[in-house]
Amino acid sequence: MDDNNNKPPVDKSGPEADLGSKEQEIYQQRLDKAAKWRDSGFNPYGNGYRPQHTAAEIVAKHADQSAEELEKAATAPYDVAGRIVAMRSFGKAAFIKLRDRTGEIQAHMKKDALGDAAYEVFKQCDVGDFLAVTGPIFRTKTNELSLSATKFTPLTKSLRPMPEKWHGLTDVEIRYRQRYLDLVSNPDVKQVFLRRNKLVRFIRNFLDTRDFIEVETPMMHPLVSGAAARPFRTHHNALDIDLYMRIAPELYLKRLVVGGFERVYEVNRNFRNEGVSTRHNPEFTMLEFYQAYATYEDLMDLTEQMISEAAVAVTGDSKVKYGEHVLDFGKGWKRISMVEAIREAVSGLSDKDMADPDRLRHELLKTSHAEAERRAVETMNHGELVGALFEHHVESTLIHPTFVTHFPTSMSPLARRNDANPEVTDRFELYAAGREIANAFSELNDPLDQKGRFLAQLDAKQRGQQETMDYDEDYIRALEHGMPPTAGEGIGIDRLAMLFTDAQSIRDVILFPLLKPLAK
RNA sequence: GGGAGCGUAGCUCAAUUGGCAGAGCAAUGGACUCUUAAUCCAUAGGUUGUGGGUUCGAUUCCCUCCGCUCUCACCA
């Protein structure tokens, strides 16, 4: 525990200080109700109750039975526990809705079935409390499956009021800051995260069945490596060394390929100290995988198969609605080189033009109006100009899944050069909905070439570029020992989850997105 | 970091030109043993994000700060 983590002691005697006056009143009322539970022998924070059934299994078991059939069958009592999410009371009877991890089930609480004393205890229950209910199943006059409670056990008292039942919780700030309330209040939100879980499980299974081994590599790095991004810094006290939170696991995973793990993957967090937006969270989840004896072209096939199958597994269809569009993840994705893609989008650029930095600079300045941007364009090399033109004119137009290949070598310091044209690399990025989803290449395993590329990165840093990689001596040493021909790929899990859940903001697929702390 | 917008009861939202801050849900008390946003009667609940200014008077107009949303830049 850090010693600089001194929090004021919490006052345990009454309502919390952040409550409004109305909320304090409710808080006190519920403390009083909890005391009444206690007086009746129920600990409002007791432990050890083990419900024997779930809402979903009860509903599934009796979904097809009519009211008469259920009455005749007279089922043995069920026993479920959950949060009370709705209550409609009639004085001497009430309907409550209990929610557990599997779903919801209604219970009919009747004074004559429970007894006077027990019904008094039930009256001290509120929406939000946790309760266990025992009783046989029946159908109400409106045909809803319900438990006819013969017994109940108060389990946990909720002291704060739930959000409004009809509109739910819509204030996005509260939704992100207090995700637990969002999850309780908005059932769709839970579905989003269940889908995300399904996606990650599908991917793990897909790779596991293809002989990939899942590993965990360091998230605290002594060097900045594996991507072009600004890192977070941190400090280890006992060793008295500065470290960086990782921006990518790439070089560690390739060290493992050197060591004989021919197929490895890692699904974990990367941290980048950059702007926050609807598509960027400072910490985000990345899948990276490496396969020896494969090329970037093999990975295009693998990626197409993995993501098209994932779409069906997660959403039920290879055609996925996303905002205004319906994305078609069915196989046969377009493959186009970066230069071709630019020439398709910008008319009047000949082969010769594409090779001429001044011509490209001129083209780029047509759409770059901000002063800082124009200055940046002036110092770009040929590869950077090609990349910038692509981002300006092509990226946002790639709606259906599209592989863009052959990125300029200068913007791909870890990728293998193309044999026919060393100015470009054996690399592709996958785009969908106008965004980058995946990035892959045949890995550069020539240690001398890699040395030169690292040196070029140092050079770029000298020129003032902020997002550069450090020279990683040990990585070069690893390559000098020999890395088999390998291809590797990174897939942004959050962004893929966005596509499969129709989420317009990355914060909607991250349980606890980074927000500024509120001032006291 | 730049630009635009937003912030009113626990929640969802009103408040005319600057003129007594309101409703529904939730809560409390009462009636009600088949409800589905249950219904009916009554009660209570507010430092209008913060601090300042203009004004006889500010939720409303102006400024500061805090937070959120969108967007641009950086990036994936």
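Reminder, nothing fancy here: chain letters follow the sequence lines and each chain counts from 1. Just so you know, these numbers come straight off a predicted model, no measurement behind them.
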Residue pairs, two or more places apart or on separate chains, that pass salt bridge (charged side-chain N to carboxylate O under 4.0 Å, His left out) and touch residues 506-515 of chain A:
R175(A)-D508(A)
Paired nucleotide for A4(B) [Watson-Crick or G-U wobble; both distances under 3.5 Å]:
U69(B)
Taken in chain and number order and not counting sequence neighbours, the residues that satisfy ring pair (Phe, Tyr, Trp, His ring centres under 6.0 Å) with F428(A) are F403(A)
Any residue in residues 390-405 of chain A with a heavy atom nearer than 4.0 angstrom to RNA chain B? Just list them by number, or reply none.
none
Looking at E25(A) and R30(A), is there a salt bridge between them, counting it only when a charged N and a carboxylate O are closer than 4.0 Å?
no
Watson-Crick or G-U wobble partner for U50(B), using a 3.5 Å limit on both distances?
none
Identity of whatever pairs with A37(B) - Watson-Crick or G-U, under 3.5 angstrom
none
Close N/O contacts between protein and nucleotides 44-51 of chain B (under 3.5 Å):
| unit_1 | atom_1 | unit_2 | atom_2 | d |
| --- | --- | --- | --- | --- |
| G45(B) | O3' | S21(A) | OG | 3.0 |
| G46(B) | OP1 | S21(A) | OG | 2.8 |

Side chain T140(A) and base U35(B) donor-acceptor under 3.5 Å:
yes
Which residue pairs pass the salt bridge (charged side-chain N to carboxylate O under 4.0 Å, His left out) test when at least one of the two sits in residues 486-505 of chain A, sequence neighbours left out?
R196(A)-D494(A), K321(A)-D502(A)
Give me the atom names and distance for the closest heavy-atom approach of L496(A) to I437(A).
CD1-CG2, 3.9 Å
Can you sort out the partners of Y431(A) under ring pair (Phe, Tyr, Trp, His ring centres under 6.0 Å), two or more places apart, ordered by chain and number?
F390(A)
Identify the pairs formed between an N or O of the protein and an N or O of nucleotides 21-24 of chain B at a distance under 3.5 Å, and give each distance.
| unit_1 | atom_1 | unit_2 | atom_2 | d |
| --- | --- | --- | --- | --- |
| G24(B) | N2 | E164(A) | OE2 | 3.4 |

Pairing check on A58(B): which nucleotide meets the Watson-Crick or G-U wobble criteria with it, both distances under 3.5 Å?
none
Residues forming a side chain to side chain donor-acceptor pair (under 3.5 Å) with R335(A), sequence neighbours excluded:
D301(A), E304(A)
Where at least one partner belongs to residues 430-443 of chain A, residue pairs that pass salt bridge (charged side-chain N to carboxylate O under 4.0 Å, His left out), sequence neighbours excluded:
K254(A)-E443(A)
Under 4.0 Å from any atom of RNA chain B, heavy atoms only: list the residues of residues 85-99 of chain A that qualify, in numerical order.
R88(A), S89(A), F90(A), G91(A), K92(A), A93(A), F95(A), K97(A)
Can you give the donor-acceptor pairs under 3.5 Å from side chains of residues 128-139 of chain A to other protein atoms, not counting sequence neighbours?
| unit_1 | atom_1 | unit_2 | atom_2 | d |
| --- | --- | --- | --- | --- |
| D129(A) | OD1 | S158(A) | N | 2.9 |
| D129(A) | OD2 | D126(A) | N | 2.8 |
| D129(A) | OD2 | K157(A) | NZ | 2.7 |
| R139(A) | NE | Q65(A) | O | 2.5 |
| R139(A) | NH1 | N143(A) | O | 2.9 |
| R139(A) | NH2 | H62(A) | O | 3.3 |
| R139(A) | NH2 | A63(A) | O | 3.0 |
| R139(A) | NH2 | Q65(A) | O | 3.0 |

Quick check on RNA chain B: between F138(A) and P161(A), whose nearest nucleotide comes earlier from the 5' end?
P161(A)
So, using side-chain contact (heavy atoms from CB on, under 4.5 Å) as the criterion, who are the partners of R246(A) when residues are at least two apart?
T217(A), M219(A), H221(A), P249(A), E266(A), N268(A), N270(A)
